[in-house]
Amino acid sequence: MSQFRPQEIEPKWQAYWEEHQTFRTNGDSERSPYYVLDMFPYPSGAGLHVGHVEGYTATDIVTRFKKARGFEVLHPMGWDAFGLPAEQYALKTGTHPRETTAKNVETFKGQLKSLGFAYDWEREINTTDPDYYRWTQWIFLKLWEQDLAYIAEVPVNWCPALGTVLANEEVIDGKSERGGHPVVRKPMRQWMLKITEYADRLLEDLQLLDWPEHLVEMQRNWIGRSRGAEVDFAVDSESTGGVQANIRVFTTRPDTLFGATYMVLAPEHPLVEELTASERRDAVDEYCEQAAQKSDLERTELQKEKSGVFTGAYAINPVNQEKIPIWVADYVLYGYGTGAIMAVPGHDERDWEFAKAHDLPIVEVISGGDVQQEAFEGDGTLVNSAFLDGLQVEEAKQKIIDWLEDRGDGKGAINYKLRDWLFSRQRYWGEPFPVVHREEDGAVVPLPEQQLPLTLPEVEEYQPSGTGESPLATIEEWVQTECPETGKPARRETNTMPQWAGSCWYYLRFVDPDNDEAPIDRKLEEKWLPVDLYVGGAEHAVLHLLYARFWHKVLYDIGVVSTKEPFQRVVNQGMILGTTYRYAVDEAGQPFSMVDHDGDSIEAQQERVVRPDRVRWEGETPMHPEQDIELDAIVEKMSKSRGNVVNPDDVVGEYGADSLRLYEMFMGPLEQTKPWDPRGVTGVHRFLSRIWRLVTEDEDLGVEITDGDLDDELKRRLHQTIHKVTDDTDELRFNTAIAAMMEYVNDLYKRDEVPRVALSPLVQMLAPYAPHTAEELWVRLGHKPSVSEQPWPEYDEAWLEEDSYELAVQVMGKLRGTVEVAKDADEEAAVAAARANPDVERHLEEAEIRRVIFVPGRILNFVIG
RNA sequence: GCGGAAGUGGCGGAAUUGGUAGACGCGCUAGACUAAGGAUCUAGUGGGCUUUAUACGCCCGUGGGGGUUCGACUCCCCCCUUCCGCACCA
């Protein structure tokens, strides 16, 4: 026997797999292909965290399991390496992002290997590699050719401190996600991608996918399709001193058109300028100016009462020719619909509030509520609506749309929340756009494909130019070029692509990483796509997945890929939470406990945290290391500043990679958010150690390994275990699969002798979960390596059932006892057995049995009365 | 506010075509082996009542309240709480 020392066996088997190319994908294999993909990481300086390990272990188990089940598995890994942190580090230290990236990749790769993940490293890709981004640029050219890329002056989130424009998702509460710097709106020249043109297909094709409901729902909401009508309101030119205009609105409630008592334009709406009456101009100008200065946040949250100003102009309601006032208010968003609304205060809560605040009339057109008290948004019968009176809402919608279309005053329309994709960043560390701006006429000219990749030039300064242009703008010799068509002077585009670009198609490149003719060979794409299982964090539930789907559809339209959707099945691993130990300090800096007498947390203005390894334990109570203060232990998201981050390297160092992997899978369901419990690791480590001692015949155990056959009972247990572990693994229920193996081992421990044939399948089942330990034990059981090349153990249905079973017996639905009955016992036999049980009989003897419910294998219930 | 997910022992979690609630693990308790045990092995461990004690038995128990059913963690209605996403989207 020998001690279980993971630190000794793990490097050994990692070297073995590498040397024997155990997990190299054979592209010519006849086996069924199976593509398992992880969301590839951004190689940050912080290294791998336990959240990565969770998802990567899950896919690793699937990879090894599917391989054992006869599939040819593709399981690649790469680096999403463009991005802001490396550039910010360059700003601080002058280190080229390429160097930072290379170093971080090295760290990550070492960590991944130390965990024994079965990647085919021959297919490693890096989005910052010119051989890779050449094809990212190529796809951009295709988008341009398809008229899906354009340049626009759009108000963007300009962050002066970072000297760059941020995407909406990078702005949180009006501040930059990284660094918390203030963000303001500023119009700038930007590249946009017309994702909106694909909105319908992105919505429709969600049906084809095997994704969790919440994810599909989030995508649906993001796309935000709504059906309604566009209606044209003529402006009353008498009220504008002769200015003629037309205001088009989008509404989902055309049925309420008779209830429109005023109109609202967004402050940015171009008609505001034209329509405003001279005597109202000062007030309107002032209002619009204020609105422009407000951030999105201020325009929404701080808005207790809806603000707005009257323009002095009136519009004419096309259904009844009534004159209604036109207002300007920032509760109407310029970016949605037409930037103008017809306000129906009787049946829209927002309009109702505005009408109340500004004393505008409220008219009821749908009966069912009291519109003077509150807006009625429910279904009902049309009233005060001339030819619509008496109809229900749905009928009225259709009728009014027909009516509007006949008269040319409007039409049925569909609107989306989804906006075009802001696709440029004013940064250095991103893919350059493969286009030039010709100086003589300002034309945008794409580079010919042969000139790709357009590589990033070396740069002296990583500092943004400050004007909003990227550092690339400062390199004259790079910027100055000539037009590939005319040879005349031209300037290169100095924006770069956002980080999403590289991750939009990397799953394709893994299939054919070295192709220098095309991003991917069509035949290989047909073989491997779509991705069978894609695992990653929920933070990418909307944008990454939506953008990648969009690109995939474009590539589908131009024949590069044959599949409509890239990811057949997506699973989000749940977040792993850490424990934070905290206390509070008062204004004078005096520390005090945040735990009250009942053990509840109390609120504190300022709190401090204590790192877990500095906590002083008084029994079960966490205490401040120096002071007599009880710490408040709370479970929350891991973050550096809270000192609650668990470093996988530390766990590997102490317990080994297999224990870390096993623990993360044993914590609970993959998709669930789970708290990290340091003691939990010891539990699974103990389990591995128990198997180890069993297989290595630890003399203290007194369990002997024999070459004999399985007795019936053990055979049954083995087959039941294989059955359970197989099903659970297949359905990603790793926690219960591990529990089944634990139970089996517990049973084996109760025996004096265990035949080798009872252990080998166990080791095989363990292999995807704890591969190093399994490899070593496989050899110690007398087999040739490697267990990773073994087919998955089979179970025999015949051995899943027992000859007899314990039948639960109820009287009036209450459990009164259990009896052992034969597997095929009929009701008569079951009742006889049950009545022979005194505990059951006692409840039956005085009563009349009205009914007997017997479900073989499950329950016997007596109804008495 | 809208949408999604979820509330089960001291803790992480099992169990849902309705059929013995609490598998497995942590922690805890006792015992064994020990010079020692934060090692290991064995047994026990939802709460309460009954009992000299044990066994047996009984009652309660899956966020709360109703309901359907022979039988409900599971299905239906109402309510509460937590987490996640979106947030004036007309």
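Residue numbers start from 1 in every chain, and the chains themselves are labelled A, B, ... in the order their sequence lines are given, proteins ahead of strands. What you are looking at is a predicted structure, and each value in this text was computed from that prediction instead of being measured.
- Taking atom C1' in both B:rA39 and B:rA15, one finds a spacing of 34 Å when rounded to whole Å.
- Pairing of B:rA72, defined by two Watson-Crick or G-U wobble distances under 3.5 Å, is not identified with any nucleotide.
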### Letter per nucleotide, 5' to 3', of nucleotides 3-14 of chain B [B base touched, S only sugar-phosphate touched, - untouched; heavy atoms, 4.0 Å]
SS-------BSS
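- Heavy atoms of A:F862 sit nowhere under 4.0 angstrom from any nucleic acid atom.
- Heavy atoms of A:H347 sit nowhere under 4.0 angstrom from any nucleic acid atom.
- Comparing the same atom, C1', in B:rC78 and in B:rG12 gives a spacing of 32 Å after rounding to whole Å.
- Residue A:R816 is classed as a sugar-phosphate contact, given heavy-atom separations below 4.0 Å to backbone atoms only.
- With ring centers used as reference points, A:Y262 lies under 6.0 Å from A:F354.
- Using a 30° and 60° split on the angle between ring planes, A:Y334 and A:H269 fall in the perpendicular class, above 60°.
- In this structure, the nucleotide among B:rA90, B:rU20, B:rC26 sitting nearest to the side chain of A:E806 is B:rU20.
- Comment: A:E731 engages A:R733 in a salt bridge, judged by a side-chain N to carboxylate O separation of less than 4.0 angstrom.
- Base pairing of B:rG22 is not made with any nucleotide, judged by Watson-Crick or G-U wobble geometry with both donor-acceptor distances under 3.5 Å.
- As judged by a 4.0 angstrom heavy-atom cut-off over every strand, A:R733 is placed among residues making no nucleic acid contact.
- B:rG38 is unpaired under the Watson-Crick or G-U wobble criterion, no partner having all donor-acceptor distances under 3.5 Å.
- If you check every strand for non-hydrogen atoms under 4.0 Å, A:S689 touches nothing.
- A:R850 comes within 4.0 angstrom of no nucleic acid atom, judged by non-hydrogen atoms across all strands.
- At the heavy-atom level, A:T818 lies under 4.0 Å from base atoms of the strands shown.
- A cation-pi contact, defined as under 6.0 Å to the ring centre and within 45° of the axis, links A:R690 to A:Y749.
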### Query
Is there a side-chain contact (heavy atoms from CB on, under 4.5 Å) between A:W211 and A:L545 once you walk through the steps?
CA-CA 11 Å; A:W211 288 15; A:L545 289 174; 4.0 Å; yes
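- Rounded to whole Å, the separation between the C1' atoms of B:rA6 and B:rU62 comes to 13 Å.
- Nucleotide B:rU17 forms no Watson-Crick or G-U wobble pair with any nucleotide shown, as no partner meets the under 3.5 Å limit on both distances.
- Base pairing of B:rU52 is not made with any nucleotide, judged by Watson-Crick or G-U wobble geometry with both donor-acceptor distances under 3.5 Å.
- For A:W222, whose side chain is taken as the heavy atoms from C-beta onward, the closest listed nucleotide among B:rC86, B:rC70, B:rU40 is B:rC86.
- One atom, CD of A:E377, and another, P of B:rC2, lie 11 Å apart when rounded to the nearest Å.
- Annotation: B:rA72 and B:rG66 have their P atoms spaced 14 Å apart (nearest Å).
- Distance noted for atom P between B:rU8 and B:rC73: 15 Å (whole Å).
- Atom name C1', nucleotides B:rG27 and B:rG3: the rounded distance is 39 Å, in whole Å.
- Distance noted for atom P between B:rG18 and B:rC28: 40 Å (whole Å).
- Considering only the side chain of A:E743, B:rA23 comes nearest among B:rA23, B:rC59, B:rU42.
- Going from atom CD of A:E349 over to atom C1' of B:rA87 covers 13 Å, rounded to whole Å.
- For the pair A:E636 CD and B:rC84 P, the computed distance is 11 Å after rounding to whole Å.
- At least one donor-acceptor pair closer than 3.5 Å links the side chain of A:N572 to the backbone N or O of A:G537.
- You'll find that the side chain of A:K417 is closest to B:rC86, out of B:rA90, B:rC59, B:rC86.
- Side-chain proximity of A:R858 to B:rA90, B:rG19, B:rA23: nearest is B:rG19.
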### Task
Determine, step by step, whether A:F4 and A:H685 satisfy the ring-ring contact (aromatic ring centres under 6.0 Å, His included) criterion, reporting the C-alpha distance in whole Å, the side-chain angles of both residues, the deciding distance to 0.1 Å, and the verdict.
CA-CA 10 Å; A:F4 175 49; A:H685 185 259; 5.6 Å; yes
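- In this structure, B:rC28 forms a base pair with B:rG44, meeting either the Watson-Crick or the G-U wobble geometry with both donor-acceptor distances under 3.5 Å.
- Residue-level contact check: A:D351 touches neither bases nor backbone, having no heavy atom under 4.0 Å from any strand.
- Under the Watson-Crick or G-U wobble criterion, with both distances below 3.5 Å, B:rG1 is paired with B:rC86.
- Picking from B:rC88, B:rU42, B:rC70 the nucleotide with the shortest atom distance to the side chain of A:K306 gives B:rC88.
- B:rA43 and B:rC83: their P atoms are spaced 42 Å apart (whole Å).
- When each of B:rC88, B:rA90, B:rU20 is scored by its nearest atom to the side-chain atoms of A:I859, the top-ranked nucleotide is B:rU20.
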